[in-house]
Every structure is written in structure tokens, then in C-alpha cells.
Amino acid sequence: MMISDPIASFQQAYETSSQILSRIHDQGQKLFGYFCTYTPIELLAACGYLPVRIMGGRGKTEQCYHLLPEFICPFMKRSLERAMNGEYHFLSGIVQSYSCDAVCGCQAVWKNNFPDMSLYSISLPYNSNPQAREFYIAEFKNLLEKLGQPYDPCFQEKLRQAIEQYRQVRQAVLNLYDSAQSGLLDISAEEKWYAVQAGFVIPPDQYLELINRLIQRKKEASVHKKNPVSVIISGSEIGHPDILTYIEKTGGRIVWDDHCTGIRSFEPADGFVEDPMERLVDRYMKRSPCASRSRAEDRWLQWEKKLRHSDVQGVIFILQKFCTPHLSDIPYFKEQLKKRGILSIVLEMDESWEVSGQIRTRIDGFLDMVQGKNG
Amino acid sequence: MDKKSKSTKRLQAAKDVNRIVFEYYMECSQAKSQGIPVGWMPPMNGAIEILYAMGLQPVFPENWSPVCAAFGLASQNFEISENMGYSIDLCGYLRNIIGYVHGPIETSQCVLGNLPIPDFLLSPGGGCIPVMKIFHALERRFPDAAVFRADLPQVALKDIQPHHIQYAVQEIQRLISFLEETTGRKMDYDKLEEAVALSDKACVLWDDIMSYRRYIPTPFSAAEIGIMFVMVTRQGTRIAVDFLEKVLDELKDRVARKQGVIPEEKIRLFWDNIPLWYNLGLFNYFEEMNGVVVAETYSTAWSIRLDAEDPIKALALKSLKSYPLVSCVSMDNRMDSIIKACKEYSIDGVIFHRNKSCLPITLGQMDIKRRLEEQLQIPSIIIDADHMDERNFFPAQFRNRADAFMEMLLAKRKVTS
Ligand code: SF4
Ligand code: SF4
């Protein structure tokens, strides 16, 4: 059921995604899961599957310890916990695009424990030279072969349509961010978080309708308030928005995010080549870099552009505990930020995503310090 | 039980390993003064044969970390990298080498000298995240070094397709061009063929050596794992082949004389994951209870063949296979090879080192454990530790678990014999 307030719909869709997707599955729609946003969901959609992002979210971790060590990120622990609780029974399979060791190993664990699912891995190149581009195409076609899908003209047409649909989805999210940043849209970080997460689990046509309605409605009702301390947040998956709410409540204004549950997954919306497969590859090769696949320097280039165009006063790294890719980049980022006189703080979150007393104190102190420094 | 201890070695070859290690690191330190370009690279790929064939000096920062652990230098390196902001939750190899290059690289009094500053870096895409991030940090630390941005498909062995091989072949060719350009040295393809043939010979010998551990009593245990040094640093050279031939002769002799590691070998064990480099003496602990670690996961990384007739393809395949063989990239292979080893080596029990420093090898252990129990009725224990950082090893906890495990295995043995 769709609720008239888009934000409430997004929140409900996210929170009840298991039930909704179960129903969709019962109506005959096949679904395929993915962890990482480097996965070419357009290929899955063109094959007739509904791509669904597997999320960790907030919650308990008990059963997963029968299969995983304690020292792995909450995202992977929670995803497995949810699967072990039957919350992903509707998936025909999962595609893993090698993003980090945790995902790669967990995929293998899923494979051993959910024998009814088809689990495929794709290996994406790290370079961007012509050979890498060719390899990318070959690897995407290899995935189609595994899915039993010939790359014929009929499929190419479906791929074009899927690319167009997801281009619209990404563009809508980018528009949402733009409107929020320019002040046209009065939306809290929590609301924005739900709006983005829902897109990972709702069918794209329904999502587009809702998000466009949100942008429209908010334009009409816009009252822009300004918190005093402008910050960037950065990390991997944010499993619950309470932390964002707390930052805003304490005077932080989040002007940009570099999270894979934020804008990082959406830029750019599309590739710029005619042939559908090349267009798809073009987009994934040019997408915003993640710590799991890129040099910190390449990520920093993008940060520099943002820093040039906004008055960022502080950076809050919100990391999943034990997240090797992001933890490894922290010293470089801290150093660069220090050179620019920008203060930063690292928060490591566990699976409860609870904003504990200690985290609150650290955020309070940090924002006070930033405000003090910037007068 | 101490946090740190050295293992007792029985092979004569162990003395040769010390000499080979010393000579290798001396060669590294002297390379610069002899005008030999130095390249730092990750282990377990086909670049080592290329560097040796071109007369270049390969250096393996990952391999330097066990040296630091064994000589007690790791803790100061950890302190430096942790002060730089590297989290204690990151792999110990990463924290150690980053600390080392930002600290004692030019001043440490290690008996093996210090690593020479690199002229070029083979910076990997592919392999595990910590290795990739180590090299990104090295690029920053050594801005004058030329950087080759290597790329490699990450695929399970059974999924390797022609396009994966083609890409890996292109990468090897690109690497050769890079080295020719950077160092001004031309590749001599006869030498490359020779290096690949030697590498293949070393792999054959390696498998032969491992197969001798099937004998009861086993002629050597995991305490001698140091012989692996030649597979990491000397593949593609006569040094590795000559040494391994000697080891093999010694093993043949020991087997003929039925000379085991301990007077009475009652329990045969398998070790999964990287050993505790600062505490190889742990292997001797089992020996005190009449148990011997006769096989381990790590040694399978070199269980491959290289076709010297087509050296570039052989190196591409080696690069594609080595790391997946021991990690979660090719979990099915990892699982199958442990099951196979347990059968072939008559294993009574398996020790899973749940290694805080290495997620890629730790993930999947619980599934392997279950399969061992279900399929072969082989019991196992989990040891929580870390291959580099002794702060994550708790001797009392280890002793409790290991004592109970060994007692159970001994009781089981009594019942069945
Ligand atoms: S990138 Fe980090 S948070 Fe994401 S799956 Fe990997 S380890 Fe977990
Ligand atoms: S020990 Fe494991 S995580 Fe660390 S560098 Fe080696 S394979 Fe990677």
C-alpha cells in the first residue's frame, strides 16, 4: 500500500522490504540480490529480475557467528543474520562484484549455506585503460552467460530500456540532493536517508513516481533552516539514520556525503556511448570511486571539487567497524584535511547503530570544536 | 606458554634456510650499490620470474613482516603506523610495513639489514584489500619510485575463462614493457623461459616434498615452514631448485630410516591459516603432547604447474591461481584441498587459526570445520590469534583449548587402536 506522504512510504518500504519483496516474489517476479553498488543491476533487470540490494541495517547478530568471525563489518554480519532468519528467501541468487575481502568471503559463505540460490561473482578491473574496458565488457557478457541470457538484439533492446530506467532513478536521486543542497528542499538527513535506501529495494517505476512526488511536494513546502556547522560525512554503508539525526540535532549541517548508501552510488547517472553494453561499462568505469576499489588520492580529487564549492568546516567519518577499505584510507584523508585546516573525526559503528553516550559526547565535542574554530 | 617463542627445527636444511634468508636480504641491500634496479612487489604472482629474468631485484614487503615479527621489531612498527592513524583492526602486515617504511627503514639494526628504497613499485589491483592499500601507501612514501598499476582478475579457479587469461597475459606484457622502459633493460626471452622452467621445477619439488609428509611418522612438521621462503622470494632461480632438491634428499633419507619429528607420533594435525610468526614455537607445544602438525593450508599456494614453452601464459596463470588457492576467492578449492589433505595425510584433527589479521583466509573456516566433521568425522578447534600482532594472542586461552583438544584426540586414538 502506498502512503500519501512519500517519506512515510519510503520509510515503510525500507522497513518492511522483506514482506513487500516476498509478495512481489509470490506474484511471479524473480529477484536477484547484490551487496555492492558496483554490481551492474541493469543487466539483471534486462534479464527480467528485480535487482534488490542486500542491506545490513540495524539489529542483532547471533546466528551469523556460527559462520563468521566477530571481526567482520556489521554490514556483512547483519546481512547473513537476516538471511539465516529467512528474510532473503525470495532471492533467486546474488551477484557479487568483487568489492572487498569481506564481501568476497561472505559470498562464499552464503554459497555454502543457501544451496538453492545461484551465486555469481564478477571481477571488475581496477585500471581504466582500453584493455580494462574490453575486459569489463567480457566480464559483463560472462555474467549474462551464467544467467543463461544470450546477448542478442532482443536483449540489447531490453538492456537499453533498463539503462534508461536506472538512469532516471539515479538522476532523480541526484536531483533530490541538488534541491536539498541548494535550499529548495527542506529535508532532513534522516528523510533523505530513507528516500535513498528505499530505492535499493522498491521496483524502479514505483520508486521514480514516489521520489518525483517528494521533490515536487517539498518544493512547495520549502522552509530552509540552516544549522551552523557544515560537515561532510563519509564511509561505507550507513545502517540506520539515528546517527545522522543526532548530528543535525547537535548543530551539524550535512552538506555532502561520500557513502555507498548516499550519493556515491549514483554519480554519474549514465554512460556516454551509444552501444548499450559499452554505455553500461562507461558508467561503471566512471562512477564515483569507493575506497574498496580505488586509491585514496583518486577519491580525494573528487573531494577537492566539493570542498572548492562548499564551505565545509568539518568531516565526520562514519565507518562500519572492521571495514578495511575505509579504515585504510583514513590516515591519508586526515592528513589532507589537516593541511586545509578542516577538522575531522572517525566514528566506528557496530551492528546496533546505536548512538551511544560515548559517540554522542564525541560528536558534541567535535561540533563544538569546529564551531569554536570557525568562530 | 609464552607470547613469543621460536620453533625447534630438526631438518639439516633449516640451517640452509637461514643462510638463504641472509643471502637474499644481503643481495637486496647491496643491489643499489651494484646498480641493480630494485622493485617492491606483492608475493604469489608471476612477476618474480620476470624480475629475475631481467636481472632486477625483487623485494617483498609482505615477507619482511614475518622477519620483523621473528626479530621482535614489529611492535615498534605498529606503534608508528597506529600513531599515523592506521587502525589496530587492520591486517598486521599492513600496519607493520607502513610503520617500518615511515620509521626504522634506514636505521634499524636488524641483522638482515634493511630493505632497499624501491626504484619501482608493482602496485596491485586484485589480491586482498590490505595488500592493495599497502602499495598505495608505499606509492605515497616513495614518490620517486616508478609505479606500475597492475591489474588482475579475481576469480575462483573453476571460473577462469579465456578472457580472464587474456587480460592477465596482457598485464604481463604491459609489465614487461614498463620494466624495459623504466630500467632500460631488455627482456631476454630465453632467460624468461629458463626462469619459468626453474619455477616449474621448484613447484614440482615442492609438491614432492609435501607428499613425503604422508609418511608415518612424518619426516618434518610445520615447525620447518621456513623452507617456504624460497618459494616466496627465489622462484625462477637455481637457488630455490638446488635447495629444494637437498631438502627432498634429506626427507627421503629420514623416511627410509623412519625418522620422525618426535619419538612417538600419536596425533597428526592440520593447521589452517597463517602461522603466528612471532610464536612458531606453538608447533612444538603440540609435539610435547605427541602431536605433529603435518600439513597446512599455506603450502598449497605453490601447488601449480608452469609451462615454460609458453612462459607469458604460464605466468599469467600462476598469477591468476596462487592467491585464490589459499583464500576465500576460490573457497571450493580451499575446502576441497583441506579435505583431500586430511585424507592423504591421515589427519586426526584440524587447528583453525581464526586470524584477526587475515579475513580472506579466515572467512569460510566454519563451513570447512562443519564439512570436516560431517564428511570425515575429523574434529577441530578454533584458535583465536593473529599472525603478526601478539596483542591478539592469549596464551592461557590457547592452552586451555588446545589441552582439551589434544586430550580428546589422544583418548579417541586409544579407543580406536
Ligand atoms: S567495504 Fe567495508 S562495510 Fe562494505 S562490505 Fe567491505 S568491509 Fe563491509
Ligand atoms: S595476511 Fe591476509 S589480509 Fe593480510 S595481506 Fe595477507 S592475505 Fe591480505
Side-chain angles (χ1 to χ4, degrees), chain A residues 65-73 76 98-102 104-109 111-113 120-129 131-132 134-135 137-139 141-142 145-146 291-297 319 321-335 346 348, chain B residues 81 84-87 89-91 94 98 123-126 128-130 132-134 136-137 139-140 149-156 159 161-164 166-167 170-171 174 327-332 334-335 354-368 370-371 382 384 392:
Chain A
Y65 295 119
H66 294 301
L67 299 172
L68 297 180
E70 192 264 334
F71 48 86
I72 185 169
C73 68
M76 288 298 107
Y98 196 106
S99 32
C100 71
D101 304 324
C104 171
C106 278
Q107 161 99 346
V109 171
K111 195 170 180 178
N112 284 323
N113 291 280
Y120 304 123
S121 296
I122 47 176
S123 165
L124 303 179
Y126 292 84
N127 285 344
S128 52
N129 54 28
Q131 295 100 303
E134 258 176 55
F135 176 71
I137 293 174
E139 194 60 357
K141 288 191 173 161
N142 191 36
E145 234 177 277
K146 289 181 186 167
S292 66
R293 305 192 49 83
S294 319
R295 282 171 173 74
E297 285 81 350
L319 304 190
K321 189 151 175 58
F322 303 116
C323 171
T324 293
H326 287 273
L327 283 171
S328 305
D329 281 1
I330 290 293
Y332 175 81
F333 272 85
K334 290 203 92 155
E335 199 186 312
V346 180
E348 291 183 55
Chain B
S81 55
M84 289 169 71
Y86 287 95
S87 160
D89 288 329
L90 291 165
C91 166
L94 181 147
I98 292 180
S123 192
C128 70
I129 298 281
M132 183 170 92
K133 295 291 180 184
I134 286 173
H136 293 174
E139 290 172 22
R140 259 166 244 146
R149 291 186 170 202
D151 203 345
L152 192 67
Q154 311 254 31
V155 255
D159 291 333
Q161 298 292 321
H163 70 281
H164 297 124
Q166 191 195 339
Y167 191 57
Q170 284 170 345
E171 283 300 284
R174 215 167 57 79
S327 69
C328 59
V329 176
S330 205
M331 183 63 83
D332 293 347
R334 180 161 134 63
M335 201 180 266
R354 185 153 59 192
N355 185 351
K356 168 94 195 296
S357 257
C358 184
L359 199 56
I361 304 186
T362 298
L363 277 171
Q365 281 181 326
M366 304 303 267
D367 290 297
I368 303 173
R370 192 179 59 211
R371 200 166 137 200
I382 305 262
D384 287 297
N392 294 321

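These numbers come from the heavy atoms of this one structure, side chains and all, not from hydrogens, waters or symmetry mates. A quick note: this is a predicted structure, and the numbers were derived from the prediction, not measured. The sequence lines fix the lettering, A, B, ..., with proteins before strands; numbering per chain opens at 1.
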Check whether [X] gets within reach of chain B through its side chain, its backbone, both or neither, counting any heavy atom under 4.5 Å.
X         : value
Ser294(A) : backbone
Tyr65(A)  : backbone
Lys321(A) : side chain
Glu139(A) : both
Tyr98(A)  : side chain

Which atom pair, heavy atoms only, marks the closest approach of [X] to [Y]?
X         : Y         : result
Met132(B) : Ala291(A) : CE-O, 4.4 Å
Thr362(B) : Phe71(A)  : CG2-CZ, 3.9 Å
Tyr86(B)  : Ser328(A) : CE2-O, 3.5 Å
Gly126(B) : Tyr126(A) : N-CE1, 3.2 Å
Ser123(A) : Pro153(B) : OG-CA, 3.2 Å
Asp101(A) : Pro130(B) : OD2-CD, 3.3 Å

What part of [X] lies closer than 4.5 angstrom to a heavy atom of chain A: side chain, backbone, both or neither?
X         : result
Ala150(B) : backbone
Asn392(B) : neither
Lys133(B) : side chain
Gln365(B) : neither
Leu94(B)  : side chain
Gln161(B) : side chain
Leu90(B)  : side chain

The salt bridge (charged side-chain N to carboxylate O under 4.0 Å, His left out) partners of Arg174(B) (sequence neighbours excluded) come to Glu171(B)
Taking every heavy-atom pair that is under 4.5 Å apart, which of [options] has the most such pairs with chain A?
options                                   : result
Ile129(B), Asp159(B), Ile98(B)            : Ile129(B)
Met335(B), Arg371(B), Glu139(B), Met84(B) : Glu139(B)
Leu359(B), Asp367(B), Leu152(B)           : Asp367(B)

Is there side-chain contact between [X] and [Y], with at least one heavy-atom pair below 4.5 Å?
X         : Y         : result
Ile72(A)  : Leu363(B) : yes
Arg370(B) : Asn113(A) : yes
Arg149(B) : Arg295(A) : yes
Asp332(B) : Lys111(A) : yes
Thr324(A) : Ser87(B)  : no
Val109(A) : Met366(B) : no

Would you confirm whether Asp151(B), through its side chain, and Asn127(A), through its main-chain N or O, come within 3.5 Å as a donor-acceptor pair? yes
Measuring from atom CD of Gln166(B) to atom CD of Gln131(A), what distance do you get when rounded to the nearest 0.5 angstrom?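 One finds 9.5 Å between CD of Gln166(B) and CD of Gln131(A).
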What do the steps show when you test Glu297(A) against Arg140(B) for side chain to side chain contact (heavy atoms under 4.5 Å, CB included), and what is the final call? CA-CA 9 Å; Glu297(A) 285 81 350; Arg140(B) 259 166 244 146; 2.6 Å; yes
I'd like to verify something: which residue of [options] has the highest number of heavy-atom pairs under 4.5 Å with chain B?
options                                    : value
Ser292(A), Pro125(A), Cys106(A)            : Pro125(A)
Cys100(A), Ala138(A), Ser121(A), Ala296(A) : Ala138(A)
Cys323(A), Ala108(A), Gly105(A)            : Gly105(A)
Asp329(A), Val346(A), Leu68(A), Leu124(A)  : Asp329(A)

Suppose we screen for ring-ring contact (aromatic ring centres under 6.0 Å, His included). Which residues come up paired with His164(B), at least two apart in sequence or across chains? Phe135(A)
